[in-house]
Amino acid sequence: MTPQNIAIVKATVPALQAHGEAITSHFYRIMFESHPEVKAFFNEAHQAAGSQARALAGAVLAYATHIDRLDEIAGALPRIIQKHAALGVLPEHYPVVGGCLLQAIKDVLGDAATDEVIAAWGEAYQSLAALLIAAEEEVYRANAAQTGGWRGEREFRVARREQESEVITSFYLEPTDGGPLLAFSPGQYLTLVLNIDGEPLRRNYSLSDAPGKPFYRISVKQEEGGRASNWLHEKAGVGTLLQVQAPCGDFVLQPAGERVRPLVLVTGGVGITPAMSMLESVAHTGRPVHFIHAARHGGAHAFRSRVDALAARHANVKPLYVYDAPRESDRPHATGFVTRELLAQQLPADRDVDLYFLGPKPFMKAVYASGLALGVPKQQLRYEFFGPLEALEA
């Protein structure tokens with residue numbers, strides 16, 4: 001970018017702080033009206049809740065603020081790249097997004113969005129788009145080049161279903177072409193490309209078993225009002241054919257390294273799914289694992305028998321279950337919530353652990369704050385959001 005355009009973009013920061021969410025909300029409205037074909041890439045629940053617009057507003061503001069020192073926001077790019085690659089975002093989608101974003105800036109800022117401002121933002125968008133397109137192409141190429149890899153959609157068959165709790169069902173997926181499966185990292189997810197009642201949808205679901213099996217397993221919570229999750233639970237029986245994008249995601253179990261730190265997996269609700277993949281991958285290695293799971297009650301608790309079996313077989317696996325609304329027959333280790341005090345009891349004195357956590361946003365904010373307060377190094381706190389990335393420090 002030219003120095004002049006960098007200066008113009010940075011000068012728009014106060015306007016973005018004041019009107020960023022209005023711009024992004026308007027952006028989604030005009031894009032979905034003029035280009036309905038892209039709606040499949042977005043979750044309508046996140047749209048309705050406003051989290052998608054808030055997250056995009058934050059991202060646009062961060063980009064404008066750091067346009068002259070992009071290394072400051074480089075850490076956010078891998079998640080964006082992986083999410084785009086998982087959904088199958090292609091170069092032809094970028095002009096649609098860019099044109100609608102510039103139009104939204106003009107509509108919301110009015111006279112303040114001069115020709116110079118729009119030209120500067122156009123250059124800024126093209127610069128970022130070129131970076132993302134190149135990085136996403138590398139992901140597509142790498143996935144396709146590996147044994148069992150593919151590009152785009154691949155047809156899978158539901159080979160088996162298993163009820164994991166009253167609300168969570170596992171689907172075992174096998175490729176109809178009979179070929180090998182692309183290896184994945186524990187914590188990654190698949191994208192299902194669905195068409196429900198004539199409406200295309202794309203949804204991410206964490207892989208919930210260890211790599212190296214002749215199937216992929218996803219475990220889906222039936223969400224009230226969730227179009228995809230309800231369709232899977234009610235319609236996707238054994239034999240159902242599904243179109244699937246290759247595994248992606250950067251919330252992955254990192255190599256233990258020379259000094260093997262204890263692994264702490266803290267999950268709430270359906271956040272247990274990627275943690276199961278991580279646990280299944282390390283239980284046999286001897287690495288200390290603290291597996292802390294929060295659920296409403298025993299009926300909503302998935303995988304308890306499997307985790308208990310792993311703990312019985314491997315002394316390094318130590319489970320702890322917390323129910324906030326236990327039923328009379330339930331036997332959790334604790335009742336209430338995952339508090340700072342509870343975490344403190346599970347962590348070693350030096351707090352040198354790898355702590356992975358996932359669940360509803362209030363749960364994640366509490367675990368994040370507790371981890372920091374207890375002295376876990378910030379770079380060893382790792383998390384993922386089901387939907388748009390939002391701040392945990394707010």
Side-chain angles (χ1 to χ4, degrees), residues 1-43 46-47 50-140 202 388-390:
M1 290 186 63
T2 66
Q4 181 182 3
N5 279 346
I6 288 174
I8 291 172
V9 168
K10 284 184 71 69
T12 64
V13 166
L16 294 175
Q17 290 172 327
H19 306 289
E21 196 170 332
I23 290 170
T24 54
S25 296
H26 184 54
F27 154 74
Y28 284 118
R29 280 195 298 273
I30 61 177
M31 182 171 68
F32 293 157
E33 288 172 3
S34 57
H35 299 278
E37 70 276 8
V38 304
K39 288 183 70 175
F41 292 86
F42 299 88
N43 188 314
H46 300 148
Q47 291 291 326
S51 55
Q52 191 87 57
R54 284 194 299 275
L56 180 57
V60 171
L61 176 60
Y63 184 50
T65 302
H66 301 97
I67 193 79
D68 55 343
R69 51 187 198 285
L70 292 180
D71 56 305
E72 296 278 343
I73 59 171
L77 293 179
R79 183 183 190 274
I80 295 171
I81 292 162
Q82 288 290 319
K83 182 68 75 174
H84 284 186
L87 291 168
V89 172
L90 298 173
E92 55 262 36
H93 296 127
Y94 280 89
V96 170
V97 172
C100 293
L101 182 60
L102 294 181
Q103 185 61 51
I105 292 172
K106 289 178 67 174
D107 291 347
V108 173
L109 296 187
D111 292 342
T114 63
D115 290 345
E116 290 77 13
V117 166
I118 296 303
W121 263 105
E123 186 181 2
Y125 177 80
Q126 290 299 329
S127 176
L128 179 60
L131 184 156
L132 293 175
I133 288 169
E136 288 151 19
E137 175 60 23
E138 285 303 307
V139 175
Y140 294 137
R202 296 179 183 230
L389 185 62
E390 298 183 68

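Numbering starts at 1 and runs along the sequence shown.
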**Fill in**
When every non-hydrogen atom of Phe27 is compared with those of Leu101, the smallest separation belongs to CD1-N, 3.5 Å
**Asked** What pair of heavy atoms forms the shortest contact from Arg69 to Thr65, and how long is it?
**Response** NH1-O, 3.7 Å
**Asked** Do you know the tightest heavy-atom contact between Ile81 and Ala135?
**Response** CD1-CB, 3.5 Å
**Request:** Looking only at non-hydrogen atoms, find the nearest pair between Glu123 and Met1 and report the distance.
**Result:** OE2-CA, 3.0 Å
**Item:** side-chain contact (heavy atoms from CB on, under 4.5 Å) evaluation trace for Val60 with Trp121
**Value:** CA-CA 11 Å; Val60 171; Trp121 263 105; 3.7 Å; yes
**Asked** Between His93 and Phe41, is the gap from one ring center to the other below 6.0 Å?
**Response** yes
**Request:** Please work out whether the ring planes of Tyr94 and Tyr125 are parallel, tilted or perpendicular, with thresholds of 30° and 60°.
**Result:** tilted
**Prompt:** Do Thr12 side-chain atoms and Ala15 backbone N/O form a donor-acceptor pair below 3.5 Å?
**Reply:** no
**Message:** Just so I know, are the side chains of Leu70 and Tyr63 near enough to count as touching, which here means a heavy-atom distance under 4.5 Å?
**Reply:** yes
**Request:** Would you check, one step at a time, whether the test side-chain contact (heavy atoms from CB on, under 4.5 Å) holds for Ile23 with Leu109?
**Result:** CA-CA 8 Å; Ile23 290 170; Leu109 296 187; 4.2 Å; yes
**Request:** Would you check if the side chain of His35 reaches a backbone N or O of Met31 as a donor-acceptor pair within less than 3.5 Å?
**Result:** no
**Message:** If you define the side chain from C-beta out and look only at heavy atoms, does anything of Leu102 sit under 4.5 Å from Lys106?
**Reply:** no
**Request:** Check Asn5 against Ala120 and note the closest heavy-atom contact, atom names and distance.
**Result:** OD1-CB, 3.5 Å
**Request:** Applying side-chain contact (heavy atoms from CB on, under 4.5 Å), run through Val89 and Leu132 and close with a yes or a no.
**Result:** CA-CA 10 Å; Val89 172; Leu132 293 175; over 6 Å; no
